[in-house]
Amino acid sequence: MPNRRRGEVALQLGGTCYTLCLTLGALAELEDAFGVQDLNALAERFGTGHLSSRDLLTLLGVALRGGGHAMSDVEVASLPLHEGIEPVAAALADLLIMTFGGGETSPNPPQPQDASVSQSPYPRTMR
C-alpha cells in the first residue's frame with residue numbers, strides 16, 4: 001500500500017498494483033531524460049500539461065523505479081493497458097501534484113488559533 005506521506009501513488013495495471021514515487025534519484029533521472037537543468041525547469045515542463053506518450057513512458061518508468069520496481073524501459077513499455085491510458089495518466093498527474101505542488105495548499109506556518117480558546121492540553125482549563 002503506498003504511503004502518501006512519502007509521496008507514493010498507487011497504479012493498478014493488469015491485476016498488479018504498482019507503487020510510483022519520485023525520489024531524489026528519480027528526479028535527477030527525469031532532469032537528464034528531459035534535458036533540463038533544475039527542478040524548476042522540470043516543474044515548468046510538466047506544468048504545461050502537454051505530454052507525449054514518450055514523456056508518459058519516461059515518467060512512468062522513472063516513477064516505477066523510484067517506487068521500488070526494478071524495471072527496464074522495455075519492461076515498462078510492455079505493461080498492459082487493459083483499462084486504457086487514463087489510469088496511468090491520472091496516477092502520474094497525482095504524483096506530479098504531490099511532488100511539485102498544486103491544488104490547495106495549507107498556510108505555512110499555520111494560522112494562529114483563536115486566543116480566547118484554551119490551548120491547554122487539559123480539558124476545561126483556562127489560562
Side-chain angles (χ1 to χ4, degrees):
M1 180 129 194
N3 184 337
R4 293 194 60 86
R5 288 184 182 217
R6 289 193 307 230
E8 297 174 347
V9 171
L11 173 62
Q12 186 82 23
L13 289 178
T16 302
C17 187
Y18 296 95
T19 299
L20 308 179
C21 187
L22 292 179
T23 62
L24 189 56
L27 291 168
E29 188 177 341
L30 286 174
E31 286 174 347
D32 186 53
F34 289 108
V36 297
Q37 296 298 311
D38 57 34
L39 289 174
N40 285 333
L42 194 59
E44 287 176 16
R45 172 86 163 76
F46 294 137
T48 66
H50 299 286
L51 298 175
S52 69
S53 57
R54 184 177 308 271
D55 293 343
L56 289 177
L57 184 60
T58 299
L59 182 55
L60 180 59
V62 169
L64 283 165
R65 288 187 287 277
H69 306 282
M71 299 178 77
S72 70
D73 288 340
V74 171
E75 291 170 314
V76 173
S78 298
L79 287 171
L81 293 178
H82 302 300
E83 298 85 14
I85 193 70
E86 185 183 353
V88 174
L92 291 174
D94 190 22
L95 184 64
L96 291 172
I97 289 169
M98 286 181 57
T99 302
F100 293 104
E104 292 190 25
T105 59
S106 60
N108 190 13
Q111 296 296 320
Q113 293 182 350
D114 185 357
S116 65
V117 177
S118 171
Q119 300 297 313
S120 171
Y122 304 102
R124 303 185 219 287
T125 305
M126 299 299 289
R127 286 190 190 182

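Worth saying up front: this structure is predicted, and the values here are computed from it rather than measured. These values consider heavy atoms only, across backbone and side chains, with no hydrogens, waters or symmetry-generated copies.
- When L96, L22, L27 are each tested for a side-chain contact (heavy atoms from CB on, under 4.5 Å) with L42, only one passes: L27.
- Using modelled atom types, no side-chain atom of E83 and backbone atom of L13 make a donor-acceptor pair closer than 3.5 Å.
- Between F34 and F46, the ring planes are perpendicular. Angles over 60° get that label, and only those under 30° would be called parallel.
- Taken to the nearest 0.5 Å, the CG atom of L39 stands 5.0 Å off from the CD atom of E31.
- When side chains are defined from C-beta on, V9 does not count as touching T19, because their heavy atoms never get closer than 4.5 Å.
- Closest non-hydrogen pair, T58 versus A33, comes out as CG2-CB, 3.7 Å.
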**OP:** Please test L20 against L60 for side chain to side chain contact (heavy atoms under 4.5 Å, CB included), starting from the C-alpha separation and ending with a verdict.
**Re:** CA-CA 8 Å; L20 308 179; L60 180 59; 3.9 Å; yes
In a table with atom names and distances, give each donor-acceptor pair under 3.5 Å that connects a side chain of residues 73-82 to protein atoms at least two apart or in another chain.
unit_1: D73; atom_1: OD1; unit_2: R65; atom_2: NH1; d: 3.2
unit_1: D73; atom_1: OD1; unit_2: R65; atom_2: NH2; d: 3.1
unit_1: E75; atom_1: OE1; unit_2: S72; atom_2: N; d: 2.7
unit_1: E75; atom_1: OE1; unit_2: S72; atom_2: OG; d: 3.4
unit_1: S78; atom_1: OG; unit_2: V74; atom_2: O; d: 3.0

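- In plain terms, the two heavy atoms of L92 and A63 that are nearest each other are CD2-CB, 4.4 Å.
- Listed for the D55 side chain is a donor-acceptor partner under 3.5 Å among the backbone atoms of S52.
- Both L64 and I85 are part of a single hydrophobic cluster, where members link through side-chain heavy atoms under 4.5 Å apart.
- Between the CG atom of D32 and the CD atom of Q37 there is a distance of 10.0 Å, given to the nearest 0.5 Å.
- We find the CD-CG distance between E8 and D94 to be 12.5 Å, quoted to the nearest 0.5 Å.
- Here the straight-line distance linking atom NE2 of H69 with atom SG of C21 works out to 10.0 Å at 0.5 Å rounding.
- Residues L95 and L11 are not in side-chain contact: their nearest non-hydrogen atoms beyond the backbone lie 4.5 Å or more apart.
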